[in-house]
Asker: 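Just dropping this structure here.
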Amino acid sequence: MLSRNALQPARVLANASGRRCASSFSAPIKKTALNAFHRANGGYMVEFAGWEMPLRYEGGDKSKVAGSPVAEHHQVRKSSGLFDVGHMVQSTFAGPGALAFLSHLLPASLSNLPVPGTEAHRPFGSTLSVLLNEEGGILDDCMITRWGEDSFYLVTNAGRADVDIPWITKHVEAWNAEKSDKVEFKILDSAALVALQGPQSHVALQRLLPKDVSIQKILTFGQSLHLPIHALSSSATVHIARGGYTGEDGFEISVPNAQAEDFANILLDQEEVKLAGLAARDSLRLEAGLCLYGHDLDESIGVGEAGLAWVVGKDRRTPGAFIGSERTLAELKKGGTTRKRVGLVVEKGAPAREGALIFASEDNTAAPIGRITSGLPSPTVGQNIAMGYIETANGLNKKGSRVFVEVRKKMREAEVAAMPFIKPGYYRGE
């Protein structure tokens with residue numbers, strides 16, 4: 001979940017290289033609570049979405065550094081990788097109007113998320129969703145969690161903060177001016193966010209939890225809890241959500257800024273865990289068929305075009321139920337779109353990168369039928385993979401269709417493929 005504002009750095013991700021942060025940037029570069037931690041561990045820092053972030057790790061304690069973006073990628077697929085995602089925006093909504101307001105703002109079935117009970121270790125329910133503009137274009141993708149009857153936690157993209165926050169604030173103010181059931185919107189700028197991703201992540205995390213808590217028994221994909229970490233001072237409580245952006249089992253953990261570095265070091269001390277940067281995060285998410293905002297999603301794209309029908313709850317498919325519903329519901333009907341997001345496997349050679357045009361035949365003088373939005377050589381699959389949009393009129397958006405992509409002025413054959421490109425490792429229970 002990254003932004004168009006970071007277009008150049010995001011292109012850099014696939015090449016595992018980047019532009020060092022420098023004092024010459026016109027706008028102040030923001031730093032996460034783990035900035036010093038990254039530098040101490042050899043992080044190659046670049047500007048990304050207005051933040052100074054580690055693209056990869058190239059020094060420090062070699063036992064904690066995989067050695068390259070590809071090695072970091074394999075570390076996550078095989079064991080566990082630790083990412084800093086503290087540039088993401090965490091916020092909360094509370095008050096008697098929170099559920100109704102968020103149901104107006106988002107197309108997700110929030111009323112169906114379970115309300116946590118009073119018993120210990122009963123998890124919260126989460127769901128992926130989207131913020132839509134009035135015309136049904138995607139403003140951002142997001143994760144929403146129900147913390148209580150009238151309490152919700154939202155995570156949105158850093159690079160969309162200058163759009164999302166004013167948009168949400170405007171609608172909160174309008175809601176409170178008209179409704180008796182008020183809602184309070186707050187940004188959690190006192191909390192860091194890290195992602196522990198990979199099939200051995202639960203093993204590493206389990207060692208840090210109270211002995212009476214079994215992470216495998218109490219949390220499955222899409223659930224979260226507040227739990228104490230006794231190794232932190234005052235046994236600080238953190239928010240642990242099972243999920244992530246890599247296609248693997250894992251956790252996104254919100255921790256107070258003041259204790260973020262201690263927590264990251266404790267995680268890194270676990271034998272299963274090594275550091276991973278933005279380059280590996282990009283290749284992992286593309287293999288998992290997950291969108292990158294500003295590339296695979298933007299305000300011109302609708303939910304149906306993006307193949308995200310599942311973010312619209314079955315009980316939400318009534319005109320006017322949420323902002324942007326008219327276009328959204330129209331796109332969900334059969335034949336409701338003129339283009340669709342697809343996966344592609346491109347023949348050997350140079351990979352198809354963002355912006356490459358897609359054609360129905362080898363004749364590149366004809367009108368293109370689509371465009372690549374993300375692409376790279378897949379470390380796991382061992383092939384050139386890509387994601388893009390193809391017109392639906394001739395049916396070439398369907399799985400198995402043969403198309404051509406113009407790469408460095410050469411036409412390369414590609415096959416429309418199902419996504420994800422790898423078998424996801426999400427934990428659904430024992």
Side-chain angles (χ1 to χ4, degrees), residues 1-5 7 10 102-110 127-144 154-157 159-160 163-164 166-168 170-171 245 285-286 288-344 354-355 357-358 367-375 386-399 401 403 416 418-420:
M1 297 197 307
L2 303 164
S3 100
R4 184 176 296 282
N5 295 340
L7 193 56
L102 287 168
S103 295
H104 169 66
L105 195 71
L106 305 172
S109 294
L110 301 181
T127 186
L128 289 164
S129 193
V130 289
L131 286 168
L132 300 172
N133 62 27
E134 302 287 358
E135 293 74 39
I138 298 174
L139 288 169
D140 203 357
D141 53 324
C142 58
M143 175 67 76
I144 182 79
L154 180 72
V155 179
T156 52
N157 286 305
R160 295 296 286 171
V163 173
D164 294 345
W167 175 260
I168 294 170
K170 178 183 77 171
H171 284 281
Y245 192 51
R285 69 91 193 169
L286 182 53
L290 299 174
C291 295
L292 179 67
Y293 195 91
H295 302 261
D296 313 301
L297 300 175
D298 60 38
E299 290 189 49
S300 74
I301 295 170
V303 167
E305 293 177 325
L308 299 177
W310 51 270
V311 306
V312 184
K314 292 182 179 179
D315 61 328
R316 307 302 320 285
R317 303 190 178 194
T318 303
F322 54 88
I323 295 172
S325 62
E326 183 177 356
R327 173 183 174 180
T328 300
L329 298 181
E331 286 190 358
L332 297 189
K333 296 178 181 178
K334 186 176 181 179
T337 64
T338 58
R339 60 177 177 172
K340 280 280 191 177
R341 180 171 65 94
V342 300
L344 293 161
E354 180 185 1
L357 296 177
I358 305 169
I369 61 169
R371 185 178 70 87
I372 299 295
T373 54
S374 293
M387 188 187 296
Y389 286 82
I390 290 181
E391 295 172 357
T392 59
N394 53 18
L396 291 178
N397 62 298
K398 298 186 183 301
K399 179 183 174 182
S401 298
V403 296
V416 176
M419 293 186 288

Asker: Might you confirm whether atom NZ of Lys170 has over 12 heavy atoms from other residues, nucleotides or ligands at distances under 6.0 Å?
Answerer: yes

Asker: Leu332 and Ala309: which non-hydrogen atoms are nearest, and at how many Å?
Answerer: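 Looking at all heavy atoms of both residues, the closest pair is CD2-CB, 3.6 Å.
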
Asker: Using the side chain to side chain donor-acceptor pair (under 3.5 Å) criterion, which residues pair with Asp315? Sequence neighbours excluded.
Answerer: Ser109

Asker: Measuring from Glu354:CD to Thr373:OG1, what's the distance to the nearest 0.5 Å?
Answerer: 7.0 Å

Asker: Would you say Val312 and Arg317 make side-chain contact, with heavy atoms under 4.5 Å?
Answerer: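 Yes - at least one pair of side-chain heavy atoms lies under 4.5 Å apart.
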
Asker: Mind checking what makes side chain to side chain donor-acceptor pair (under 3.5 Å) contact with Arg316, not counting sequence neighbours?
Answerer: none

Asker: Closest approach of Leu128 and Met143, non-hydrogen atoms and distance?
Answerer: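 Distance-wise, the nearest heavy atoms are CD2-CE, 3.5 Å.
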
Asker: Answer yes or no: is there a side-chain heavy-atom contact under 4.5 Å between Val311 and Thr127?
Answerer: no

Asker: I need the Leu106 CG to Ile323 CD1 distance, nearest 0.5 Å.
Answerer: 8.5 Å

Asker: Could you check whether any side-chain heavy atom of Ile390 comes within less than 4.5 Å of a side-chain heavy atom of Lys340, counting everything from C-beta outward?
Answerer: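 Counting from C-beta outward, Ile390 and Lys340 never come under 4.5 Å.
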
Asker: Between Asp140 and Cys142, is any pair of side-chain heavy atoms under 4.5 Å apart?
Answerer: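 When only atoms from C-beta onward are counted, Cys142 and Asp140 do not touch, as no gap falls below 4.5 Å.
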
Asker: List the steps, then state whether side chain to side chain donor-acceptor pair (under 3.5 Å) holds for Asp296 with Ser374.
Answerer: CA-CA 7 Å; Asp296 313 301; Ser374 293; 2.9 Å; yes

Asker: Got a salt bridge between Arg339 and Glu305, using NZ or NE/NH1/NH2 to carboxylate O under 4.0 Å?
Answerer: yes

Asker: Please report the C-alpha distance between Leu344 and Val416 in whole Å, then the side-chain angles of each, then the deciding distance to 0.1 Å, and finally whether the side-chain contact (heavy atoms from CB on, under 4.5 Å) criterion is met.
Answerer: CA-CA 5 Å; Leu344 293 161; Val416 176; 3.8 Å; yes

Asker: Would you check if Ile144 and Val155 make a side-chain contact, meaning some heavy-atom pair closer than 4.5 Å?
Answerer: no

Asker: Which distance, rounded to the nearest 0.5 Å, do you find between the CG of Leu329 and the OG1 of Thr318?
Answerer: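 Here the rounded value is 7.5 Å.
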
Asker: Do Ile369 and Asn394 come within less than 4.5 Å of each other through their side chains, counting heavy atoms only?
Answerer: yes

Asker: Can you give me the closest heavy-atom contact between Ala386 and Ile372, atom names plus distance?
Answerer: CB-CD1, 3.9 Å

Asker: Might you point out which heavy atoms bring Ser325 and Gly320 nearest each other, and give the distance in Å?
Answerer: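 Reported closest heavy-atom pair: OG-N, 2.8 Å.
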
Asker: Decide, yes or no, whether a salt bridge links Arg160 with Glu299 under the criterion of side-chain N to carboxylate O below 4.0 Å.
Answerer: yes

Asker: Regarding Arg327 and Glu134, does a basic nitrogen lie under 4.0 Å from an acidic carboxylate oxygen?
Answerer: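 The answer is no: the pair does not qualify as a salt bridge.
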
Asker: Does the Arg371 side chain pair with the main chain of Leu357, one donor and one acceptor, at a distance under 3.5 Å?
Answerer: no

Asker: I'd like to know if the side chain of Lys399 reaches the main chain of Gly343, judged simply by a donor and an acceptor atom lying under 3.5 Å from each other, with no hydrogens or angles considered.
Answerer: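 Checked: no pair found.
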
Asker: Below 4.5 Å, heavy atoms only, C-beta onward: do Val342 and Met387 meet side chain to side chain?
Answerer: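 No, side chains not in contact.
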
Asker: Between Leu297 and Ile301, what is the shortest heavy-atom contact and its length?
Answerer: CA-CD1, 3.9 Å

Asker: Can you tell me how far CD1 of Ile138 sits from CG of Leu308, rounded to the nearest 0.5 angstrom?
Answerer: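 If we round to the nearest 0.5 Å, Leu308:CG and Ile138:CD1 are 5.5 Å apart.
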
Asker: Any side-chain heavy atom of Glu391 within less than 4.5 Å of one from Leu396?
Answerer: no

Asker: With distance as the sole test, does Thr328 use its side chain to make a donor-acceptor pair with the main-chain N or O of Gly324 at under 3.5 Å?
Answerer: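 The answer is yes, because a donor-acceptor pair under 3.5 Å joins these two groups.
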
Asker: How many angstroms lie between OG1 in Thr338 and OH in Tyr389, if you round to the nearest 0.5 Å?
Answerer: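 With rounding to 0.5 Å, OG1 (Thr338) is 11.5 Å from OH (Tyr389).
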
Asker: Any idea which heavy atoms bring Leu132 and Phe322 closest together, and the distance?
Answerer: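 Residues Leu132 and Phe322, closest heavy atoms: CD1-CE1, 3.9 Å.
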
Asker: What is the distance from atom CG of Leu131 to atom CG of Asp141, rounded to the nearest 0.5 Å?
Answerer: 9.0 Å

